[in-house]
Structure formats: structure tokens, C-alpha cells
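Working notes for the structure below.
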Amino acid sequence: MESTEMTKSDQVVEEKCLEPALPATIQDIAKFEGKRVEIKGWLYNKRSSGRINFLQIRDGSGIIQGVMVKKEVPIETFKEAKKLGQESAIIVTGTVRADERADIGYELSVDNLVVISETDDYPITPKDHGTDFLLDHRHLWFRSKRQHAIMRVRSEIINACRDYFNDRGYILFDSPILTPSACEGTSNLFGTKYFDEDAYLTQSGQLYVEAGALAFGKVYCFGPTFRAEKSRTRRHLMEFWMIEPEIAYINLEENMEIQEDFVEYVVQRVLSKMKIELKIIERDISKLEKVKKPFPRVQYDEAVEILKKKGVDFTWGDDFGAEHETILTEEFDRPFFVHRYPAEAKAFYMKRDPERLELALCSDMLAPEGYGEIIGGGQREDDYDELLKRVREHELPEDAYRWYLDLRKYGSVPHGGFGLGIERTVAWVCGLHHVRETIPFPRMLNRMYP
RNA sequence: UGCGCUGUAGCUCAACGGUAGAGCAACCGGCUGUUAACCGGUAUGUUGUAGGUUCGAUUCCUACCAGCGCAGCCA
């Protein structure tokens with residue numbers, strides 16, 4: 001099929017004595033000013049004005065307007081272009097021309113068009129659609145400008161996360177997705193079968209990554225995480241991605257220093273590399289420019305004081321709800337830490353503060369503008385007897401945690417780490433209302449399609 | 001799971017209890033610089049499901065179903 005199309009295209013070249021077209025992407029179109037190029041893509045939208053067809057062409061890297069003038073192309077080509085439906089696959093050739101009127105500064109004077117596949121009735125029209133409809137068409141939705149930009153930012157954030165740790169001597173140490181028991185002893189896991197045994201989809205790689213830290217010093221895992229919580233809010237997905245570094249020989253303070261350095265790096269990198277995308281999403285850049293360390297550190301006790309000063313009824317020992325998080329968030333113009341929560345409500349593996357045994361050596365990083373918790377982390381209990389006691393207190397199956405207890409038996413050291421939720425981070429960096437737009441195919445309560 | 005809201009054309013939404021309507025998309029035509037282009041024309045319905053009140057229900061009532069928002073839980 002391709003060869004016959006090329007012949008057709010070559011004929012036009014001959015007839016008009018045009019230069020051969022260079023393969024080009026819209027992203028790099030500036031390099032081709034004055035040159036004749038070929039763009040392989042899709043029709044994003046079109047308008048016409050009698051004797052001119054304006055074709056908005058997208059190729060995945062960007063959108064450019066192709067201008068097709070009636071008297072400059074064969075009449076059949078002009079008519080064909082006029083009838084083309086949104087998202088028809090097309091190969092367009094033409095000359096790149098600088099034009100002030102164009103969004104990207106360049107237009108394409110089209111001299112030929114080859115239709116690879118025609119489309120009619122593309123469901124996502126350039127008008128308003130409801131979220132439910134768009135989510136039903138998620139497989140098409142991210143062809144649209146805004147979703148396209150968000151997916152690019154997500155990709156860059158993930159690359160930045162990986163680069164940060166790879167460049168600093170961390171070993172990628174992936175944790176299993178199928179696990180024999182609950183990592184943190186909580187319920188709400190997706191259950192499945194491992195042949196005849198019960199198995200669960202992981203809700204955190206942390207326990208495994210601890211084993212990695214004691215072997216390699218500094219490791220991280222990056223993968224999907226599953227929570228079978230019946231949560232339906234703008235901050236929750238049933239399946240989400242988390243990057244979880246774990247480091248031997250660090251304390252809580254050092255842990256927080258790594259976190260702020262890491263988050264600053266990720267945000268600043270998106271700021272410098274994704275300007276176009278952030279503009280399409282209409283993100284207020286000034287908010288992100290303030291994301292510089294050091295991030296404020298607030299003890300749980302102080303956070304409770306802040307809430308009380310603001311007239312919020314709050315009992316010491318409770319965990320913060322969404323409303324409380326938002327109020328605290330308004331206090332700062334950058335992410336901040338809340339550390340040393342009451343140990344009662346926290347996971348069994350968290351180390352107690354030796355100076356105040358009722359507190360856990362843990363911290364959350366809360367993103368500004370009401371985006372809530374993006375990181376949870378802390379110091380792990382490294383004493384064998386203490387950890388065994390906690391396992392028993394939480395009535396966890398001792399046998400399943402044998403290997404985890406072993407880590408405290410053979411060369412135990414103070415260690416800690418944290419987990420950053422990718423989708424919440426993307427939502428915050430992009431300034432989105434809901435995390436469902438931050439992942440290609442969101443898994444939500446009541447939605448597993450497409 | 002609790003509280004609240006919604007369900008009408010492919011999409012976004014109207015319609016005091018009195019024969020079901022608009023914009024966009026589709027289709028036909030017009031326009032030499034459009035940019036969610038515009039202008040004229042054509043076609044489009046089991047009003048979520050089941051019952052009830054009523055002469056008459058898209059409208060009022062009940063149940064169910066589906067979805068959304070908020071909360072809890074968490075990243």
C-alpha cells in the first residue's frame with residue numbers, strides 16, 4: 001500500500017518540479033523553514049474558507065496548520081481534503097513557512113495529501129464533553145491537546161524521578177507485584193490466586209526494598225501499586241504508580257533532606273523542559289517556581305496547634321482529614337513536612353521516637369494548593385525484639401514476616417525511605433482537578449474500561 | 001459505606017403537569033486567512049428501569065439501576 005501511495009506522491013513532485021520532501025516532525029519544524037517536508041499524522045481539525053482549506057495536522061509531536069489553496073493543488077485533492085473527517089490518517093507534503101498568525105510560528109503550504117485511512121464520526125468533537133463520556137473514550141481522549149500535554153508531563157516527571165536516583169548511586173531494585181500477604185497489615189488489598197494459594201496485589205514495595213537497602217545501600221523501586229479502597233475522590237485511584245527509595249544508615253532528618261532535594265529537582269526539571277506543555281495546561285508557573293528547598297518542617301504537635309489557632313476542633317492523636325490538610329497547606333507556598341505523628345495510628349514497622357515513645361519517626365510531605373499528601377516516609381524499626389513485638393501487637397502472621405524480621409537479625413542498621421505517588425505529583429505539577437487525568441488508563445471505583 | 005446531586009438526540013444542555021427543543025457533530029450547499037471559523041438548508045428521540053398519583057407525567061411520589069461530588073481510608 002505504501003509503495004503505490006509513494007508513486008502517486010512522486011507524480012505530483014514531477015508535475016510541479018518540486019524538491020523531494022524531507023521527513024519532518026512538527027516539534028522540529030523550525031529547522032525546516034523554507035524546505036519541502038513530509039509529515040505523517042492525523043487531521044486534528046479543519047476549517048475552510050471557500051478556496052482555502054485550513055488543515056490542523058497533528059503528528060504526535062505537535063500541531064501545525066496546513067494551508068491548502070484551491071488553485072495550487074489538483075481539484076480532486078482539494079475536494080478530498082474538504083471531505084476529510086477529524087482524525088483521518090494523512091500524509092501531507094508542503095513547504096514550511098514562518099507565519100506570525102500561527103500558534104507555533106510556522107505553517108505548511110500544502111502541495112499534496114495522501115489519505116492513509118479515512119475517519120467519519122470521530123466521537124470527540126471540538127466542543128464540550130462530560131467527564132464520563134471522555135473517560136469512556138479515554139483511548140481517544142489523549143489525542144486532544146490538553147490530555148496530550150499532561151501525558152508528556154507525566155513522562156517527564158517519571159524520567160526525572162529515575163534520573164535523580166540513577167545519577168546518585170541508587171540501584172533500581174524492583175519489588176514483586178504478587179505478594180503472599182499484606183505489606184502493612186491493613187486490609188483492602190486486591191486478592192487473587194497464586195495457583196492454590198491466596199495472593200494479593202502489592203500495595204507497597206517498601207518491605208522488599210528494605211532488603212535491597214541492606215544489600216546495596218541505596219535502592220529504589222518504581223512500579224504500580226494497588227489499593228482496593230472504596231475511595232472516590234479526586235485524589236484516589238485503585239491502581240497508581242509509586243517510586244520508593246530506601247537508604248541504609250540514614251535518620252529521619254536526612255530522609256527529609258533527600259525528599260526535598262528530590263522534589264525540588266523534579267519540579268524544576270519539568271519547569272525548564274516542559275514550558276510548552278505547562279502553557280497548554282494553563283498552569284500558573286509562578287507557583288512552581290517557589291518550589292525550592294528548604295521545605296518547612298512542622299511537627300505533628302505544631303500542626304495541631306496551627307489547626308486549633310484557626311478554630312478547628314481537633315483531638316490530639318487523630319489523623320488529619322482532607323479538610324485539615326487543606327488548611328495546613330494554605331500556610332505555606334511550597335511543599336512542607338509534617339513529621340512525628342502519634343505512633344498509635346501508624347504502621348507496625350515505624351520506629352518510635354526515643355525521646356517521645358508515643359511518636360513515630362515518620363513524615364508526610366504535603367503539596368501546596370490543596371493537593372495533599374504526595375510523599376509518606378520514615379524511619380524503620382531496626383531492632384529485632386521491638387519489631388517482633390509490633391508484629392505480634394498487630395496480630396500479623398509471624399511466618400510471613402520471617403524474612404523481614406531476618407533483616408533485623410543479620411547486620412541491622414538504622415534505615416529509612418519514602419514513597420512518592422506519581423499521579424498526585426503529576427496532578428499537582430499540572431494543577432489538575434483530578435488524578436484521573438494523570439494516567440493513561442485510570443482504574444477507579446466503578447471504572448475499569450477502557 | 002454515609003450525605004448530597006444528576007440521568008432527555010452521537011455530544012453539551014433546555015422544556016410552569018398540557019403534542020419533545022436549541023447549539024455542536026453528521027449530511028447537502030455557500031464563502032480567498034480560518035483558528036472551538038462563519039452563513040443557509042436537511043435529518044435526528046423507548047426522556048435510565050419498574051410501578052404509582054393524574055383526564056394527561058420529561059415534570060410530582062416510591063423503589064431499583066447507573067453515574068458524579070464530598071467524607072472516611074490513603075500516595
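Just the heavy atoms: all of them, side chains too, but no hydrogens, waters or symmetry mates, feed the values below. Chain letters run A, B, ... following the sequence lines, proteins first and then strands; every chain starts at 1.
- Applying the side-chain hydrogen bond (donor to acceptor under 3.5 Å, both in side chains) test to every pair with at least one member in residues 323-339 of chain A, sequence neighbours left out, gives these pairs: A:Lys310-A:Glu331.
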Quiz prompt | Summary of protein contacts for nucleotides 22-31 of chain B, nucleotide by nucleotide, where a base hit scores B, a sugar-phosphate-only hit scores S (4.0 Å, heavy atoms) | solution = --SSS----B

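- Across B:rU58 and B:rU19, the matching P atoms stand 11 Å from one another, rounded to whole Å.
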Exercise. Go through A:Glu118 and A:Leu84 one step at a time and tell me if the side chain to side chain contact (heavy atoms under 4.5 Å, CB included) criterion holds.
Key: CA-CA 7 Å; A:Glu118 226 170 305; A:Leu84 272 185; 3.8 Å; yes

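- As judged by a 4.0 angstrom heavy-atom cut-off over every strand, A:Phe54 is placed among the base-contacting residues.
- To the nearest whole angstrom, the two C1' atoms, one in B:rA15 and one in B:rG23, are 15 Å apart.
- Cation-pi contact between A:Arg168 and A:Tyr164: present, with separation from the ring centre below 6.0 Å and deviation from the ring axis of at most 45°.
- Heavy atoms of A:His137 sit nowhere under 4.0 angstrom from any nucleic acid atom.
- Here A:His434 reaches the OP1 or OP2 of B:rG69: one of its side-chain N or O atoms lies under 4.0 Å away.
- When each of B:rA75, B:rC74, B:rU32 is scored by its nearest atom to the side-chain atoms of A:Glu325, the top-ranked nucleotide is B:rC74.
- No engagement by A:Arg146 is indicated, since no non-hydrogen atom pair under 4.0 Å with the nucleic acid exists.
- B:rA66 sits 22 Å from B:rG10 when the P atoms are compared, rounded to a whole Å.
- For the C1' atom pair drawn from B:rC24 and B:rG72, the interatomic distance equals 41 Å after rounding to whole Å.
- Look at CG on A:Leu445: it is 13 Å from C1' on B:rA66, rounded to the nearest Å.
- A:Tyr220 has its OH atom 21 Å from the P atom of B:rA75, to the nearest Å.
- Ion pair A:Arg390/A:Glu381 not flagged as a salt bridge, since none of the NZ, NE, NH1 or NH2 atoms sits closer than 4.0 Å to an Asp/Glu carboxylate oxygen.
- For A:Phe226 and A:Tyr200, the gap between ring centers reaches or exceeds 6.0 Å.
- Of the options A:His148, A:Glu87, A:Gln86, a side-chain hydrogen bond (donor to acceptor under 3.5 Å, both in side chains) to A:Arg143 is made by A:Glu87 and by none of the others.
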Self-check item: Full working for ring-ring contact (aromatic ring centres under 6.0 Å, His included) between A:Tyr208 and A:Phe173
Solution: CA-CA 9 Å; A:Tyr208 295 99; A:Phe173 185 85; 8.9 Å; no

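- The distance from atom OH of A:Tyr449 to atom P of B:rA66 is 19 Å, rounded to the nearest whole Å.
- When the C1' atom is used for both B:rA43 and B:rC28, the distance is 11 Å, rounded to whole Å.
- Spacing between atom NE2 of A:His324 and atom P of B:rG72 amounts to 8 Å, rounded to whole angstrom units.
- Salt bridge status for A:Arg436 with A:Glu423: absent, with no side-chain N to carboxylate O gap under 4.0 Å.
- Side-chain atoms of A:Tyr220 never come within 3.5 Å of backbone atoms of A:Asn166 as a donor-acceptor pair (strictly under, hydrogens ignored).
- Atoms CG (A:Asp136) and P (B:rG67) sit 10 Å apart, rounded to a whole Å.
- Between A:Arg234 and B:rC70, a side-chain N or O to OP1/OP2 separation shorter than 4.0 Å is present.
- Remark: C1' of B:rG67 and CG of A:Leu134 are 14 Å apart, rounded to the nearest angstrom.
- When heavy atoms are screened at a 4.0 angstrom cut-off, A:Glu107 is found touching base atoms of the nucleic acid.
- The aromatic ring centroids of A:Phe262 and A:Phe165 lie less than 6.0 Å from each other.
- Comparing A:Asp99 and A:Leu135 against RNA chain B, the residue whose closest nucleotide sits nearer the 5' end is A:Asp99.
- With the nearest nucleotide of RNA chain B identified for both A:Arg447 and A:Leu420, A:Arg447 has the one nearer the 5' end.
- Whole-Å rounding puts the A:Phe133 CZ to B:rU8 P distance at 13 Å.
- A:Gln65 comes within 4.0 angstrom of a nucleotide base, judged by non-hydrogen atoms across all strands.
- In this entry the distance linking CZ of A:Arg235 with P of B:rA75 reads 12 Å, nearest Å.
- Annotation: B:rA25 and B:rC11 have their C1' atoms spaced 7 Å apart (nearest Å).
- A:Gln206 and A:Tyr349 share a donor-acceptor pair across their side chains, judged by distance under 3.5 Å alone.
- If you check every strand for non-hydrogen atoms under 4.0 Å, A:Gly321 touches sugar and phosphate atoms only.
- Using a 4.0 Å heavy-atom criterion, one finds that A:Ile374 contacts the sugar-phosphate atoms exclusively.
- Pairing analysis of RNA chain B (Watson-Crick: purine N1 to pyrimidine N3 plus N6-O4 or O6-N4; G-U wobble: N1-O2 and O6-N3; both under 3.5 Å) yields stems of 3 or more pairs at B:1-7 with B:65-71, B:10-13 with B:21-24, B:26-30 with B:38-42, B:48-52 with B:60-64.
- Taking every side-chain heavy atom of A:Arg232 into account, B:rC68 is the closest of B:rA36, B:rC68, B:rA75.
- Between B:rU47 and B:rC3, the two C1' atoms lie 28 Å apart (nearest whole Å).
- B:rU53 and B:rU44: their P atoms are spaced 35 Å apart (whole Å).
- The residue A:Ala322 sits close only to the backbone: its heavy atoms come under 4.0 Å of sugar-phosphate atoms, none of a base.
- At a cut-off of 3.5 angstrom, counting only N and O atoms as typed in the model, there is a donor on one side and an acceptor on the other between the side-chain of A:Ser231 and the base of B:rC73.
- When heavy atoms are screened at a 4.0 angstrom cut-off, A:Ile124 is found touching no nucleic acid atom at all.
- At the heavy-atom level, A:Thr233 lies under 4.0 Å from base atoms of the strands shown.
- A:Asp319 comes within 4.0 angstrom of the backbone, heavy atoms only, and of no base.
- Here A:Phe441 and A:Phe142 bring their ring centres to under 6.0 angstrom of each other.
- Checked by distance alone, A:His129 brings no side-chain donor or acceptor within 3.5 Å of a matching partner on the base of B:rC11.
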